[in-house]
Amino acid sequence: MRSGQARLAIDYGSADTTAVLAWPDGTWTPLLFDGEPALPSAVLLSEDGTTVTGHHAWRAAPVTPHRFIPHPRQPSEQRLTVADTDVDPLDLVAATLRHVAEQAHQITGPGIDDVRLVVPAGWGPRRRTWMRHAAHRAGLPPPQLIDAPTAVAAHLLATGLQLPVGTYIAVCDVGATAEVSVLRRGPAGFEVLATLADPTAGGTAIDDALTTTLTTSPPSTGGQRWAVTASLRAGKHALTDHPAVTVPLPDGPAVVLHTGLLDQAAQPVLHRIAHLTTEAITAAELTPRDLTGVYCVGGTARLPLLAQTLTDAGITPTLVDQPTLAAARGAADAGANTTNPTTTDEPIPPVRRAAAIALPGFASLALVSQFLLTPQWRGSLMYREAVLNWGELAMAAVFAVIACLSAGTVLASTIANRATTPTSPGTHTGTGILASASLGVAVSGMYAVVGSLYVGYPVNGFLRWTLLPVIPIVAVAAVMALIAARQWRTPTSGWSKLLAFPTGSVITAAAGMLLIQYSLTADRWPNLVLWIDLAGRAGGLFLGVGTVMALVSQPILRLILSAPLAVITAALVSWPASGILGAIYAIAVTAWCRRTGSWVQVGTNERDQVRRVGGTVGCPVSETSSGMSWCGGGDGPAVGAVAGVTSVPCAA
């Protein structure tokens, strides 16, 4: 038994499941099931209510065929009837995952905290959440879901393949079914530009064709059917090492299976796979010449005829080493010395985290204090009117919300420590964001009430200038909380950095508004008038610079944009324009929140969603009459002409 922080990656396929254990030093080992690296995903329900998985399920299938489920991975809303009993497919998938977990614990012990599940790229939020529920029901910790083509691409990098930023590749995943995806390597990781899936183009279809070719009559019973399928599957796999094998058949003579018969049965299916690959490349608005390579994985990818069929279609394929384990190895970062930097949640140092919370909090208190203590009173004693810097009050409310949102990850970690059931970091983060946003609104409302009582004016005006500027910020934060709680996408920089507002913007903007209010309310002695006016203009400059620092992060862009905006804000410094200056900064903070939330994958449901992978907007994913799914890239409509694929315009 080997100890250490092992990572367990599971590639749960329609017909077979593979899994890999990897350690931080880059070593890895595949999990073996009855001596084989692939565990059949099939499940058999016994009469006593227990489940039999893997090879044992296939052996028992001829005896109790009515209790055998060869492909438990069903749509999330579908129910199964087995032996006149309704069965939740979630329990069947959980049984296989539990088998994998037990095998992993024999090697590492019960201390596996990092679990990664490989899922098809075309899956939407509903099916991904369904898979997480299956992992939880199997007793696994909250898993990280990784798209299959992205995992294969990570495996290619880990094994030394050079893929510079900007290159395009295609991943042809051919197991029991087929899925072809086109990816681009960007600065933050791989982006799935298009994906096409066809459940009728894969190993299962080849098995059915072989059964029709080699049997004189269809199997008369369900038990014979599964016995024939099991024999032909074993014979098909044996052809990778032998030119011909003898396949026993139940209630009949044995037959000789050779490569010629296999090619004859597989040829129509492989032609559909080649057509699928061509259509996926077209959907990404590319040509085969634009691709660095087309990499084939999966058990069916071992067929030599597949490479020949793709070559005849103008595509040069490359069979990935150990094609059945490639996705699991890539998901586990097997062979790499470090984990994937695009998914690492690197915590913020405590000093920086404290500064991110304390600075906007103190700035908010300083602004609201100056606002309350320095009103300009005009008129007589009986008809006095207070002239207030509403922009300063608005900025105090904005900084209060920023301070609370910056504390969101701290709240999330506190919630996680108190949780009694395993949930994902996104769930905790969503709850923390909602709690911190609510606290920010409460503090802003308190500013309005205190200001109204202190100045003696109706509370309506104070609420208008404390709540209206923060409502867009809170709305964006609520959307981010929903997306995090639904676990639609993980931020590339990690959860802990999600709400880290730039402290430089807080310092410069707060100092600018403090100087502006000083210049508007200070006693204007003759020898100080010039300096007071200069202080106000300097405050306007600082406020403009702080606004730009919230809008952009690149130093060169800050330098270019700060000059004109700072001049404009400095020129606006006056009592009538004080509210405008505060509103400008509130708009900038809202834009920052919107940019921070741009990592998400947003969708209304599994059939109509917008994918944002690695920061690039893709296209709506749609399912077709043949069960195929499509996600295109680019700005124009993509053409889908495979088995009823409908063209869908790309999202902006």
Just wondering, do [Y] and [X] contact through their side chains at under 4.5 Å, heavy atoms?
| X | Y | value |
| --- | --- | --- |
| Val294 | Ile169 | no |
| Asp88 | Asp91 | yes |
| Pro502 | Trp592 | yes |
| Arg73 | Ser14 | yes |
| Val180 | Asp173 | no |
| Thr324 | Arg302 | yes |
| Val43 | Thr96 | yes |
| Leu561 | Val552 | yes |

Spell out, as yes or no, whether a donor-acceptor pair under 3.5 Å connects the side chain of [X] to the backbone of [Y].
| X | Y | answer |
| --- | --- | --- |
| Asp34 | Glu36 | no |
| Arg329 | His155 | no |
| Arg185 | Leu163 | yes |
| Arg7 | Ala332 | yes |
| Arg272 | Asp198 | no |
| Asp147 | Pro149 | no |
| Thr204 | Thr200 | no |
| Arg116 | Ala331 | yes |
| Thr300 | Gly175 | yes |
| Thr27 | Trp23 | no |

- Item | side-chain contact (heavy atoms from CB on, under 4.5 Å), paired with Leu8, selected from Ile112, Asp114, Ile107 |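 Among Ile112, Asp114, Ile107, the one that satisfies the side-chain contact (heavy atoms from CB on, under 4.5 Å) with Leu8 is Ile112.
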Heavy-atom closest contact ([X] atom, [Y] atom, distance):
| X | Y | result |
| --- | --- | --- |
| Leu193 | Ala284 | CB-CB, 4.1 Å |
| Leu270 | Thr309 | O-CG2, 3.6 Å |
| Asp11 | Ala327 | OD2-CB, 3.6 Å |
| Gly186 | Val165 | C-CG1, 3.8 Å |
| Ala176 | Ala15 | CB-CB, 3.4 Å |
| Leu310 | Ala274 | CD2-CA, 3.6 Å |

Nearest 0.5 angstrom please: [X] [atom1] to [Y] [atom2], how far?
| X | Y | atom1 | atom2 | answer |
| --- | --- | --- | --- | --- |
| Leu196 | Thr278 | CG | OG1 | 10.5 Å |
| Leu156 | Thr318 | CG | OG1 | 9.0 Å |
| Ile315 | Thr277 | CD1 | OG1 | 5.0 Å |
| Phe190 | Thr167 | CZ | OG1 | 6.5 Å |
| Gln264 | Thr259 | CD | OG1 | 11.5 Å |
| Arg558 | Gln554 | CZ | CD | 8.5 Å |

- Item | Worked check of side-chain contact (heavy atoms from CB on, under 4.5 Å) between Leu306 and Ile273 | CA-CA 8 Å; Leu306 175 61; Ile273 294 173; 4.0 Å; yes
- Task: Start with the C-alpha gap between Ile281 and Leu291, add the side-chain angles, then the distance that decides, and say whether side-chain contact (heavy atoms from CB on, under 4.5 Å) holds.
- Result: CA-CA 9 Å; Ile281 297 172; Leu291 302 178; 3.5 Å; yes
- Dump the intermediate steps for side-chain contact (heavy atoms from CB on, under 4.5 Å) on Leu303 and Leu262, then the final yes or no. CA-CA 9 Å; Leu303 295 178; Leu262 178 60; 3.6 Å; yes
Can [X] and [Y] be counted as having a side-chain donor-acceptor contact under 3.5 angstrom?
| X | Y | value |
| --- | --- | --- |
| Thr287 | Asp290 | yes |
| Asp312 | Gln308 | yes |
| Thr17 | Ser41 | yes |

- Message: What verdict does the side-chain contact (heavy atoms from CB on, under 4.5 Å) test give for Trp123 and Leu145, after you've listed the backbone C-alpha separation in whole Å, the side-chain angles of each residue and the deciding distance to 0.1 Å?
- Response: CA-CA 11 Å; Trp123 274 19; Leu145 301 190; over 6 Å; no
